[in-house]
Amino acid sequence: MKIKLIFLLIIAFIHNSSYAGRKLGLTELVIFDRGLGFYELSARHKLKPYPFPELLKFHVCGSGHFVEGKDNGETKFNIKKCDLKNHEIAVSLFHEKKGERVFYQKISPEKCRPNSLYNSIFRNYEGKVNIFLADFYINEPYVIKTESGVVLDRFKTVQGCTYYAEFEIPIEEKSIFINDKPYSIETL
């Protein structure tokens, strides 16, 4: 019985891992306001089976800005604050082949459906703490702190409703605080 269960778990893991590994393209676009006079645009993407450089074109405030994609799959771009309401907000993914830009996909920020804060907070195998948040309210300030009171990040989203970050937090600390509410750090 135990052998069958272990076998089924291994099969499920391999199936899910191979499916996730095949998912290509843009998965999200979020615009953050960190209170510094500019917007931080963040796009998550994956085109890595292609042996060509990835390029992202951020469409915001009536203009387009090309940025080379980061290998970690999250590319960020800062732009001076501008009128977001009267212009297209999107990101396009390209790869560059023989000096030519080849279009792959274009997305806009996800429409948020605020619920109770979805969170996944865990210490990874390298000892760093990964924080993923979703389904939160846009234009609401969020402050993430350690148990000892160190501010890790502060932000509000203007468009999009996901947040991902990785922090080095001492192993002794077993929780973090998001807007002064404690959340446990799970261990893999």
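Only a predicted model underlies this, so the values are computations on that prediction, with no experimental measurement involved. When a residue number appears, it is its place in the shown sequence, counting from 1.
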Closest heavy-atom pair and its distance - [X], [Y]:
X    : Y    : answer
E147 : S175 : OE2-OG, 2.8 Å
F136 : C112 : O-CB, 4.4 Å
F58  : L29  : CE2-CD1, 4.0 Å
T162 : A134 : CG2-CB, 4.2 Å
G69  : H45  : CA-CE1, 4.0 Å
N139 : V158 : OD1-CA, 4.0 Å

Any chain of hydrophobic side-chain contacts (each under 4.5 Å) joining [X] to [Y]?
X    : Y    : answer
F177 : V150 : no
I89  : V67  : yes
L41  : V30  : no
I121 : I169 : yes

Rounded distance [0.5 Å steps], [atom1] in [X] versus [atom2] in [Y]:
X    : Y    : atom1 : atom2 : result
S148 : I176 : OG    : CD1   : 12.0 Å
E88  : C61  : CD    : SG    : 11.5 Å
L93  : I107 : CG    : CD1   : 9.0 Å
Y118 : L133 : OH    : CG    : 10.0 Å
T157 : E140 : OG1   : CD    : 9.0 Å
E100 : H95  : CD    : NE2   : 8.5 Å

Could you check if a side-chain atom of [X] sits within less than 4.5 angstrom of a side-chain atom of [Y], using non-hydrogen atoms only?
X    : Y    : result
I131 : N119 : no
L26  : L56  : yes
Y39  : V60  : no
I144 : F155 : yes
P141 : R154 : no
Y137 : Y142 : yes
L117 : Y183 : yes
H59  : K106 : yes

Heavy-atom donor-acceptor pair, [X] side chain to [Y] backbone, under 3.5 Å:
X    : Y    : result
S108 : A90  : no
K174 : I171 : yes
T75  : K70  : yes
Q159 : I31  : no

Item to complete: Compute the ring centroids of Y164 and F132, then answer whether they are less than 6.0 Å apart.
Response: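 No, they do not, as the ring centres are separated by 6.0 Å or more.
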Worksheet item: Taking only residues at least two apart or on different chains, which pairs with a member in residues 27-41 satisfy salt bridge (charged side-chain N to carboxylate O under 4.0 Å, His left out)?
Response: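 Every salt bridge (charged side-chain N to carboxylate O under 4.0 Å, His left out) pair that includes a residue of residues 27-41, provided the two are not neighbours, is E28-R44, D33-K81, R34-E40, R34-D153, E40-K76.
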Worksheet item: Is the F32 ring parallel, tilted or perpendicular to the Y163 ring (thresholds 30°, 60°)?
Response: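 Rings of F32 and Y163: perpendicular, as their planes differ by over 60°.
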Item to complete: Kindly write out the residues that satisfy side chain to side chain donor-acceptor pair (under 3.5 Å) with D135, not counting sequence neighbours, or none if the list is empty.
Response: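 Expected list: none.
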Practice prompt. Please name the residue in the list N130, V129, L188 that meets the side-chain contact (heavy atoms from CB on, under 4.5 Å) test with R123.
Written response: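 Only one option passes, and that is V129.
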Practice prompt. Check whether more than 12 heavy atoms from other residues, nucleotides or ligands sit under 6.0 Å from atom CD of E68, and answer yes or no.
Written response: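 12 or below, so no.
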